[in-house]
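On a predicted model such as this, the values are computed, not experimentally measured, just so you know. Residue numbers count from 1 along this sequence.
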Amino acid sequence: MKQSTLYWLCQIFGWGIYTLFSIGMIYVFAGPQNISPNILLLQLIIGVCLFVFSHLFRWFIKRNDWTQLSIKSLLPKLILGAIVVSTLSQSFIHLLIYLVLPLKGIMPFSWTNFVGFIGSVSIVMASWSTLYFAYHVIQRNRRSEIEKLELTSALQEAELAILKNQINPHFLFNALNNIRSLILSDPEQARSMVTHISELLRYSIQFNAAEKVTLGQEIAIVKDYLQLESIQFNDRLTYAFEIDDSSLDIKIPPMAIQLLVENAIKHGVSQMTAGGNILIRSVLENDHLRIEVCNDGQLKAKSKREGIGLKNLIERLKILFGHFAELKVENSSGNTVTASLKIPLS
């Protein structure tokens, strides 16, 4: 329901109840014999006039932006405004029913009654205004919460884009260094590496704007990356995949597995004279997908510090999945390091 429609319905309902209440009080205390057509007309005039003056009071409030005031600044203005509006409305009503359209069968004019009417209407006006301002405070707080959520979402999207842009140049730098080392010694392999890196760059460009890709898409590009690296390492690098076919359509952050494989080669296989093996596996476990990248080697105390790549991946996981995602890199046996990535399924 629109705010203006709700306002008019509340106005009509509120002053309608006030008018019926006044008629009911006359019936109870003065008796049914006093409910004459003139009395009913009087109550109708009072109800319509109060309706109009309360609307004018609302117009004045909106024009002067009272809804933006603090409670401390608003309270005295609200009390004074209710008294002024009540005085003006009662003055208008009394002029109307005693001078302009004099009604028979009503009480004669009395200053005591006039002041009493002002007091009672002031209370009603103040109560109506309190409800009106309470509604606006609730709406303002709601808008503030929505704006905070929108700002948080925008900041997260910007942060995610920055993190992606940090990862891609880092990977590209390593790949170009690999190609440079083979251009003179083995041009054929260098050409093969250029082919693989073109696939990697196409993937990077295609999915850079995406928050998530399927596991199948990520595995395909990891295979290109490993073929690229195996050319440089010759027989020193071997790798294998154990991928659950039912997990291929599950969405994960782009370049996540590629980063873990790159980390395994840089800090594991490349540090071993005889090279080593890398195993990439995926396992569905209850409500999450577990991806493991295992490599020969051991984590050393000084190497347990997270590089920029892993830090960025952790931040991306936090943005996309909150505390439901998890990344661990640890020694899983006496000669194996395992990077374990936990992705929630929903």
Side-chain angles (χ1 to χ4, degrees), residues 1-30 34-103 105-144:
M1 184 181 295
K2 293 183 178 179
Q3 182 177 338
S4 58
T5 304
L6 179 63
Y7 163 75
W8 286 113
L9 288 176
C10 289
Q11 278 277 69
I12 294 171
F13 179 77
W15 291 116
I17 292 296
Y18 178 83
T19 302
L20 291 175
F21 177 78
S22 298
I23 295 173
M25 294 296 289
I26 295 173
Y27 181 89
V28 171
F29 292 101
N34 288 302
I35 306 296
S36 64
N38 279 345
I39 292 296
L40 293 177
L41 179 59
L42 171 64
Q43 296 304 319
L44 179 62
I45 290 172
I46 292 172
V48 171
C49 289
L50 292 178
F51 176 88
V52 172
F53 274 88
S54 64
H55 179 65
L56 291 174
F57 189 27
R58 172 179 177 262
W59 172 82
F60 181 83
I61 288 171
K62 292 181 67 176
R63 183 176 180 179
N64 291 275
D65 290 328
W66 282 16
T67 56
Q68 304 303 316
L69 297 175
S70 64
I71 295 179
K72 184 178 180 180
S73 300
L74 174 63
L75 193 57
K77 293 179 182 291
L78 181 59
I79 294 173
L80 180 60
I83 294 173
V84 169
V85 172
S86 299
T87 303
L88 291 175
S89 65
Q90 288 304 306
S91 298
F92 180 82
I93 291 170
H94 280 70
L95 285 173
L96 190 64
I97 64 176
Y98 286 109
L99 296 178
V100 179
L101 296 173
L103 296 177
I106 63 173
M107 292 185 299
F109 176 79
S110 166
W111 283 106
T112 302
N113 290 337
F114 180 75
V115 174
F117 287 139
I118 290 176
S120 62
V121 173
S122 295
I123 294 174
V124 175
M125 283 287 181
S127 300
W128 171 85
S129 301
T130 300
L131 292 175
Y132 178 77
F133 282 107
Y135 172 80
H136 276 275
V137 168
I138 293 172
Q139 289 294 99
R140 186 169 59 193
N141 290 339
R142 183 182 177 186
R143 285 194 298 269
S144 178

Legend entry - Heavy-atom pair of closest approach, residues Leu96 and Cys49: CD2-SG, 4.4 Å

Inset, instruction - List the atom of Ala82, the atom of Ser86, and the distance in Å for their closest heavy-atom pair. - result: O-OG, 2.7 Å

Legend entry - From CD1 (Ile79) to CG (Leu74), nearest 0.5 Å: 9.5 Å

Inset, instruction - State which residues pass side-chain hydrogen bond (donor to acceptor under 3.5 Å, both in side chains) with Ser89; sequence neighbours excluded, sorted by chain then number. - result: none

Legend entry - Gap between atom OG of Ser122 and atom CD of Gln90 - 0.5 Å precision: 8.5 Å

Inset, instruction - Under the side-chain contact (heavy atoms from CB on, under 4.5 Å) rule, collect the residues that match up with Arg63, sequence neighbours excluded. - result: Trp59

Legend entry - Residues which pass ring pair (Phe, Tyr, Trp, His ring centres under 6.0 Å) with Trp111, listed by chain and number, not counting sequence neighbours: Phe109, Phe114

Legend entry - side-chain contact (heavy atoms from CB on, under 4.5 Å) involving Leu95 - partner list, sequence neighbours excluded: Leu99

Inset, instruction - Assign the ring pair Phe117 / His94 to parallel, tilted or perpendicular, where the plane angle (0 to 90°) is split at 30° and 60°. - result: tilted

Inset, instruction - Taking side-chain hydrogen bond (donor to acceptor under 3.5 Å, both in side chains) as the test, write out the residues that go with Thr130, two or more places apart. - result: none

Legend entry - Any residue meeting side-chain contact (heavy atoms from CB on, under 4.5 Å) with Leu88, in chain and number order, not counting sequence neighbours: Phe53, Val84

Inset, instruction - Supply the atom-to-atom distance Asn113 CG to Ile118 CD1, rounded to the nearest 0.5 angstrom. - result: 11.5 Å

